[in-house]
Amino acid sequence: QVQLVESGGGLVQAGGSLRLSCAASGNIASINVMGWYRQAPGKQRELVAVIARGGNTNYVDSVKGRFTISRDNAKNTLYLQMNSLKPEDTAVYYCNCNAGSIWNLVNYWGQGTQVTVSS
């Protein structure tokens with residue numbers, strides 16, 4: 001079992017920055033890929049960024065060059081640095097991880113944190 005606790009959401013004006021954090025606990029050694037998703041009103045939840053334990057990352061095109069995902073394995077914490085924020089970034093952001101063996105991965109979610117970007 002893995003528990004994910006998020007923090008760092010809030011209200012920011014367009015062009016501003018926020019950093020989201022996700023603290024993981026439980027069976028930490030079993031965590032493989034971690035990522036951030038977001039869901040805006042009336043839209044499907046979408047993958048924003050992912051990072052493997054070794055540090056390889058990938059991003060959705062709309063945030064490339066603006067967002068940076070990172071993880072501190074010693075602190076069991078995932079981060080999303082969001083710069084040059086736009087109103088269209090407004091959404092609930094969710095921390096996610098896959099944990100277990102490569103043959104039996106389980107998907108875990110944080111509770112979500114609201115990010116609102118004003119025009």
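Computed over heavy atoms, backbone and side chain alike; hydrogens, waters and symmetry mates excluded. Since the model is a prediction, treat every value here as computed from it, not as a measurement. Residue numbers count from 1 along this sequence.
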Requested in this report: Please report the C-alpha distance between Q39 and Y94 in whole Å, then the side-chain angles of each, then the deciding distance to 0.1 Å, and finally whether the side-chain contact (heavy atoms from CB on, under 4.5 Å) criterion is met.
Outcome: CA-CA 8 Å; Q39 187 167 21; Y94 297 90; 4.3 Å; yes
Query raised in the report: Can you check salt bridge (charged side-chain N to carboxylate O under 4.0 Å, His left out) on K64 and D61, steps first, answer last?
Result: CA-CA 5 Å; K64 287 181 179 177; D61 286 344; 3.0 Å; yes
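For C97, the disulfide (SG to SG under 2.5 Å) test picks out no residue, with sequence neighbours left out. With sequence neighbours excluded, the residues forming a side chain to side chain contact (heavy atoms under 4.5 Å, CB included) with Q1 are Q3, Y108, listed by chain and number.
Transitive grouping of hydrophobic side chains (ILVMFWY, heavy atoms separated by less than 4.5 Å) brings V106 and I28 into a common cluster. Grouping the Ile, Leu, Val, Met, Phe, Trp and Tyr side chains by contacts below 4.5 angstrom, directly or via other members, places Y93 apart from V33. L18 and V92 end up in different hydrophobic clusters when Ile, Leu, Val, Met, Phe, Trp and Tyr side chains are linked at under 4.5 Å. Residues Y79 and M82 do not share a hydrophobic cluster, clusters being chains of Ile/Leu/Val/Met/Phe/Trp/Tyr side chains in contact below 4.5 Å.
Between the N76 side chain and the A23 main chain, no donor and acceptor come within less than 3.5 Å of each other. Checking side-chain atoms of E46 against main-chain N and O of R38 turns up no donor-acceptor pair under 3.5 Å. Using modelled atom types, one side-chain atom of T90 and one backbone atom of V117 make a donor-acceptor pair closer than 3.5 Å.
Contact between A24 and I31 at its shortest, heavy atoms only, is CB-CD1, 3.9 Å. Here the closest non-hydrogen pair linking T77 and S21 is CG2-CB, 4.4 Å. The two residues L78 and C95 make their nearest non-hydrogen contact at CD2-SG, 3.7 Å.
In this structure, R66 CZ and S17 OG are separated by 10.0 Å, a value rounded to the nearest 0.5 Å. The OG1 atom of T116 sits 11.0 Å away from atom CG of D89, with the distance rounded to the nearest 0.5 Å.
When each of I51, V63, L20 is paired with L80, the side chain to side chain contact (heavy atoms under 4.5 Å, CB included) condition holds for L20 and for no other. In summary, of the residues considered (V50, N98, I69, L4), a side chain to side chain contact (heavy atoms under 4.5 Å, CB included) with M34 occurs for L4 alone.
Clustering of Ile, Leu, Val, Met, Phe, Trp and Tyr side chains at separations under 4.5 Å leaves V5 isolated, with no partner residue.
Contact of the R53 side chain with the R71 side chain is registered, since non-hydrogen atoms from C-beta on lie closer than 4.5 Å. Counting heavy atoms from C-beta on, the side chains of N107 and N96 come closer than 4.5 Å.
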Side-chain atoms of residues 8-15: list all donor-acceptor pairs with protein atoms under 3.5 Å, sequence neighbours left out, distances to 0.1 Å.
none

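The stretch residues 20-78 participates, sequence neighbours left out, in these ring pair (Phe, Tyr, Trp, His ring centres under 6.0 Å) pairs: Y37-W109. Residue pairs that meet the ring pair (Phe, Tyr, Trp, His ring centres under 6.0 Å) test with at least one member in residues 4-26, sequence neighbours left out, do not exist here.
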